[in-house]
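What you see below is based on every heavy atom in this structure, not just the backbone, and it leaves out hydrogens, waters and symmetry mates. In what follows, chains carry the letters A, B, and so on, assigned in the order in which the sequence lines appear, proteins first and then strands, with residues in each chain numbered from 1.
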Protein chains: 2
Amino acid sequence: MASYHHGDLRRVLLSTAAEAIAESGPAALSLRELARRAGVSHAAPAHHFGDKAGLLTAFATQGFDLLADALRQAGDDLLDTGVAYVGFAVRHRAHFDVMFRPELYRADDPELVAARARSGDVLREGVARHTGREPDADALAAWSIVHGFATLWLSGALPPRVGDDPEAAARTVIRRLFD
Amino acid sequence: MASYHHGDLRRVLLSTAAEAIAESGPAALSLRELARRAGVSHAAPAHHFGDKAGLLTAFATQGFDLLADALRQAGDDLLDTGVAYVGFAVRHRAHFDVMFRPELYRADDPELVAARARSGDVLREGVARHTGREPDADALAAWSIVHGFATLWLSGALPPRVGDDPEAAARTVIRRLFD
DNA sequence: GTGCCATCTTGTCAATGACAAGTTAGGGTG
DNA sequence: CACCCTAACTTGTCATTGACAAGATGGCAC
């Protein structure tokens, strides 16, 4: 085995990419390095994804689907949904890092657009349940505050005094929006 | 002229980098392309910045200083400060893109640390003026919402219905935090 | 058993970042 | 005013990378 017809290569490459990106960011991602880690030739990734942008498009799509799942599992409370958003960013850092950097992938890819819409719907439903009216400004504010907190947390820009539990800190911050 | 001792190379490279990054993101930045645009040899940038991370460190430092200036000029009202934060992100997109991506540069560089602290101070002072008490959770919430909105705006993830004026939209969103 | 075709390989090219070693000029020193 | 000394920039080179072309392999339908 491990010769021709790996069979599972596409899936393996995506999960290997998650590790590599989590280690050193999307900018440092190398297709050849992925191939090496997966034990295949340097051109194997290109067959499944076309090029680097193709791989990251698939990766971002997977990310939006994972996000939709995570938000759904958080239940009906909007505060929990917000915390789940931050939790997703921390737990799936690599995906989150790529998803909101459209210059790295093909943002008009149909599958990606669909997955992004799915996660957006879950978020908007959560806000609508909470406010009772049509989202818009409320949803945008809620999305902004959780997205901003997650981004700042991941960037390491937050002062140490915030603590080391992102979800607990996020809960405190999000509450400020609903007082 | 335009031979040895360009004189202004460091400044020119930084502003050329701003253009290049604004066009295609920090990941696509090429030192050799910068050198070409500046009309110097492919190794000239390395002399001033050491390597790519060195250039981006200087670039991010410049960004934090520009941010501090922009926030100071916004005046004493916290809402205006928040709008100015978003305005900075939109107007200095390239800097903003790099500043919160520490894996691209040397986050422990002394000059960078100082510049980052300066802009952080301005933000925290604004929040302290508004709430009257010590910042912490309030500052974090305010920072999160403006940073999140700016990031989402730049990523193009926001639905078209938000409009095309980021600062007006930001004002609406930020108000949600202070009701 | 035969052919087909997705899957993967080997080979190659231009571009890039990093480094080494050389060249130039301008400012301070004697 | 001659010297040199050093910062600023150059040319040259190497390993690595992304992309592409062309070939090899083997499972599967018929």
Can you measure [X] atom [atom1] to [N] atom [atom2] for me and round it to whole angstrom units?
X	N	atom1	atom2	value
B/Leu13	C/dG17	CG	P	13 Å
B/Lys52	C/dA15	NZ	P	16 Å
B/Leu56	C/dG17	CG	P	10 Å
A/Arg36	C/dC8	CZ	P	18 Å
A/Leu34	C/dC8	CG	P	14 Å
B/Leu9	C/dA25	CG	C1'	15 Å
A/Asp51	D/dC20	CG	P	7 Å
A/Arg10	C/dC8	CZ	P	12 Å

For this session: Calculate, to the nearest 0.5 Å, the distance between atoms OG1 and CG belonging to B/Thr81 and B/Leu123 respectively.
Result: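 Answer rounded to 0.5 Å: 7.5 Å.
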
Exercise. B/Leu177 and side-chain contact (heavy atoms from CB on, under 4.5 Å): which partner among B/Leu79, B/Ile145, B/Val146?
Worked result: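 The option that passes is B/Ile145.
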
Exercise. Can you name the nearest heavy-atom pair linking A/His147 to B/Gly148, along with the distance?
Worked result: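 So the two residues come closest at CD2-O, 4.1 Å.
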
Problem set entry | Within residues 17-33 of chain A, residues whose heavy atoms come under 4.0 Å of DNA chain D |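 Nucleic-acid contacts, sorted: A/Leu29, A/Ser30, A/Leu31, A/Arg32.
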
For this session: Give one of base, sugar-phosphate or nothing for B/Ala44, where a contact means two heavy atoms less than 4.0 Å apart.
Result: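 Base: the residue B/Ala44, judged by heavy atoms under 4.0 Å, touches a nucleobase.
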
For this session: Using a strict 4.0 Å threshold on nitrogen-to-oxygen distance, state whether A/Arg118 and A/Asp121 make a salt bridge.
Result: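 So A/Arg118 does not pair with A/Asp121 through a salt bridge.
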
Exercise. Within the pair A/His47 and C/dC8, is there a side-chain N or O less than 4.0 Å away from OP1 or OP2?
Worked result: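 No.
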
Choose from [options] the nucleotide whose nearest atom is closest to any side-chain atom of [X].
X	options	answer
A/Ser41	C/dT9, C/dT12, C/dA18	C/dT9
A/His48	D/dT11, C/dC8, C/dT10	C/dC8
B/Ala43	D/dG12, C/dT9, D/dA19	D/dG12

For this session: Check whether the ring centres of A/His92 and A/Phe96 lie less than 6.0 Å apart, and answer yes or no.
Result: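 Aromatic pair excluded; centres sit 6.0 Å or further apart.
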
Problem set entry | Results of side chain to side chain contact (heavy atoms under 4.5 Å, CB included) for B/Val162 - residues two or more places apart only |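 Partners of B/Val162 under the side chain to side chain contact (heavy atoms under 4.5 Å, CB included) test: A/Leu140, B/Trp153, B/Leu158, B/Pro159, B/Ala169.
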
Exercise. Would you say A/Thr57's side chain and A/Arg106's backbone share a donor-acceptor pair under 3.5 angstrom?
Worked result: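 Yes, because the side chain of A/Thr57 sits within donor-acceptor range (under 3.5 Å) of the backbone of A/Arg106.
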
